[in-house]
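In this chain, residues are counted from 1 in sequence order. Please read these numbers as outputs of a predicted model, since none were measured by experiment.
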Amino acid sequence: MKKIYFILLLFIFTTNAFSSDTTTVRIHDHTDMTWYGNYDAWGLLPDSSLNYRKIYLHYTMGCATGGCSDWDYTTQIFVRHRTGELDTAFNEIIENYELARVITPYGSSLANNWQFTTTFDITDFVQILRDSVEIRCHYSGWSSGFSATLDFEFIEGTPARDVVKVENIYSGGYNYTTSADFEANNLIPKKFLIDQNSTGAMVKMATTGHGFDNNQSAAEFKPINYFVKIDGTQTHTQYNWDANCGENPIYPQGGTWIYDRANWCPGTRAQAFDYEITPHITSGDSVEVNIDFQSYSWSGTQTPSYIIECQLFQYEDPNFVNSAEIIDIIKPSLKDEYSRKNPICGNPLIKIRNYGSAP
């Protein structure tokens, strides 16, 4: 009998050992977002004593207490980072970094208990996701409403690269009147100092187009490119468009949910794109980052606009030479985001990428 108990005890301890590498913290628990504005909450995340190979944000959107809104509104999740620096009025400077952006669905046909989870890889924000943090849910809606539940998942281990620092390049909403005005006053070139310990760098960009005037193809329904330029040299071109709105996992909806849009669909995430600029930086030197939008003209009364969140990440040398990462399993999957592609009994679809420094 003692031997059986020992084996059972060993099994319990072994199971706990394998599961204890993950810490999950909830900040915002069914927070009702009922009118345009910010909904802030504090939480305690792990400190810097451990390394984390992955940090995920699971954003569960639901209906507000009184039900879901009929309209597609933008929601954004920010970490409000205290810099320790003071402005001219001696107030501490707070920088908002976007962790996630999800557009609400046309919710008229959704049951009050509806909910939908979207998962974001936020590993590179590790330096500002420590200890006591304030997390903001921004809701751009003018009617009630939706709710937000945020679960932060920290998985212990060695990351692909250790982050030296993160800085905002562009952050906010920008009106597009003319191309010349947009480039001269909104997306101006920005210079950043590359740390002595930084051997790699990446630009992350998420931009969504909003607003249209009857039949005018402006912003929301305008497919355009934007261009990443480093020290005046164009390094990347991005087609700012989501061509999969008709495959929306939240269906059917009311309204124009089936129409493709400028990097978003009603009820789904805004895509964020990563641009590796490591070949274009030098440790201890400065680098100029500039984003240019493809120019176009519009007419009408409703000014088009873009919500742009763009960051510069700096890294130390890669921690692995040969390593592969499974980013996601799309089929078979129980994730809400892939419900239109599942269930299946064959032909799995797995997304991978290089986790090491070697090709």
Side-chain angles (χ1 to χ4, degrees), residues 11 14-24 51-62 77 99-103 105 110 114-126 149-161 202 204-206 236 238-253 257-261 263-276 318-359:
F11 173 77
T14 304
T15 303
N16 287 339
F18 279 110
S19 63
S20 64
D21 70 339
T22 300
T23 301
T24 302
N51 291 323
Y52 296 96
R53 64 179 177 86
K54 280 295 172 185
I55 305 174
Y56 293 110
L57 168 59
H58 306 286
Y59 175 9
T60 301
M61 180 182 291
I77 308 303
L99 303 178
R101 190 184 319 174
V102 179
I103 312 299
L110 299 176
W114 170 86
Q115 62 180 21
F116 187 93
T117 300
T118 308
T119 298
F120 295 85
D121 185 340
I122 57 172
T123 308
D124 286 341
F125 292 95
V126 60
T149 299
L150 307 179
D151 291 305
F152 292 82
E153 182 183 12
F154 291 76
I155 304 174
E156 294 173 24
T158 304
R161 296 183 287 187
M202 180 188 74
K204 179 184 286 289
M205 176 89 161
H236 299 83
Q238 182 64 56
Y239 188 49
N240 195 56
W241 191 248
D242 194 325
N244 296 310
C245 288
E247 298 180 15
N248 200 314
I250 305 173
Y251 79 101
Q253 298 181 35
W257 67 274
I258 200 170
Y259 297 145
D260 297 335
R261 287 169 164 84
N263 198 32
W264 63 275
C265 302
T268 64
R269 72 170 71 215
Q271 301 174 95
F273 299 99
D274 297 340
Y275 310 106
E276 189 71 25
N319 289 316
F320 303 96
V321 176
N322 296 307
S323 187
E325 175 187 9
I326 297 177
I327 298 177
D328 210 351
I329 300 174
I330 299 171
K331 299 187 296 184
S333 175
L334 294 176
K335 288 186 177 180
D336 293 340
E337 292 181 88
Y338 305 136
S339 59
R340 288 289 292 270
K341 303 177 186 296
N342 288 281
I344 64 161
C345 294
N347 298 319
L349 182 60
I350 300 171
K351 190 174 183 179
I352 66 172
R353 73 177 174 190
N354 189 359
Y355 203 67
S357 60

Query raised in the report: How far does CZ of R161 sit from CZ of F320, to the nearest 0.5 angstrom?
Result: 13.0 Å
Query - Separation between CD1 of I77 and CG of L150, rounded to the nearest 0.5 Å - result: 4.5 Å
Query raised in the report: So, the side chain of W114 versus the backbone of L110: is there a donor-acceptor pair under 3.5 Å, distance only?
Result: no
Requested in this report: State whether the side chain of D151 and the backbone N or O of T24 hold a donor-acceptor pair below 3.5 Å, judged by distance alone.
Outcome: no
Report task. Return yes when atom NZ of K341 has more than 12 non-hydrogen atoms of other residues, nucleotides or ligands closer than 6.0 Å, and no otherwise. Result -> no
**Report entry** Minimum-distance pair of heavy atoms, taken over all atoms of V102 and G267
**Finding:** CG1-O, 4.3 Å
Requested in this report: Run the salt-bridge test on E276 and R353 with the 4.0 Å N-O cut-off and return the result as yes or no.
Outcome: no
Query raised in the report: How far apart are the closest heavy atoms of P249 and D336, and which atoms are they?
Result: CB-O, 3.6 Å
Query raised in the report: When rounded to the nearest 0.5 angstrom, what distance separates OG1 in T23 from CD1 in I55?
Result: 10.5 Å
Query raised in the report: Should we count OH of Y239 as having more than 12 external heavy atoms under 6.0 Å?
Result: yes
**Report entry** Minimal non-hydrogen separation, H58 against T119, with atom names
**Finding:** ND1-OG1, 2.9 Å
Query - Gap between atom CD1 of I350 and atom NZ of K331 - 0.5 Å precision - result: 11.0 Å
Report task. For the residue pair Y52 and F154, categorise the inter-ring angle as parallel (less than 30°), tilted (30 to 60°) or perpendicular (more than 60°). Result -> perpendicular
Report task. Side-chain contact test, heavy atoms from C-beta onward, threshold under 4.5 Å: evaluate it for E247 versus C265 and give yes or no. Result -> no
Report task. State whether D124 and K204 are salt-bridged, where the test is any N-O pair (Lys NZ or Arg NE/NH1/NH2 against Asp/Glu carboxylate O) under 4.0 Å. Result -> no
**Report entry** F116 side, atom CZ; S339 side, atom OG - distance, nearest 0.5 Å
**Finding:** 6.0 Å
Query raised in the report: Hey, mind stepping through L99 and Y59 against side-chain contact (heavy atoms from CB on, under 4.5 Å) and telling me if it holds?
Result: CA-CA 10 Å; L99 303 178; Y59 175 9; over 6 Å; no
Query - Heavy-atom closest contact (P159 atom, N319 atom, distance) - result: O-ND2, 2.9 Å
Requested in this report: Determine the sole option in E156, E153, E325 for which the salt bridge (charged side-chain N to carboxylate O under 4.0 Å, His left out) test with K54 is passed.
Outcome: E325
Query raised in the report: Distance-only, no hydrogens or angles: does the R53 side chain make a donor-acceptor pair with backbone N or O of I155 under 3.5 Å?
Result: no
Report summary line: Contacts of Q115 meeting side-chain contact (heavy atoms from CB on, under 4.5 Å) (sequence neighbours excluded), chain-then-number -> H30, T60
Report summary line: Distance col, row E337:CD vs D328:CG, nearest 0.5 angstrom, shows 7.5 Å
Query raised in the report: Can you name the closest pair of heavy atoms from N322 and A358 and give their distance?
Result: OD1-CB, 3.5 Å
Query raised in the report: After noting the C-alpha distance and the side-chain angles of Y275 and Q238, does the key distance pass the side-chain contact (heavy atoms from CB on, under 4.5 Å) rule?
Result: CA-CA 10 Å; Y275 310 106; Q238 182 64 56; 3.0 Å; yes
Query - Minimum heavy-atom distance W257-G246, with the two atoms named - result: CZ3-O, 4.1 Å
**Report entry** Over 12 foreign heavy atoms within 6.0 Å of OH, Y251
**Finding:** no
Query raised in the report: Does R269 reach the main-chain N or O of T118 with its side chain, forming a donor-acceptor pair under 3.5 Å?
Result: no
Query raised in the report: Who pairs with Q271 by side-chain contact (heavy atoms from CB on, under 4.5 Å), at least two apart in sequence or on another chain?
Result: D242, N263, F273
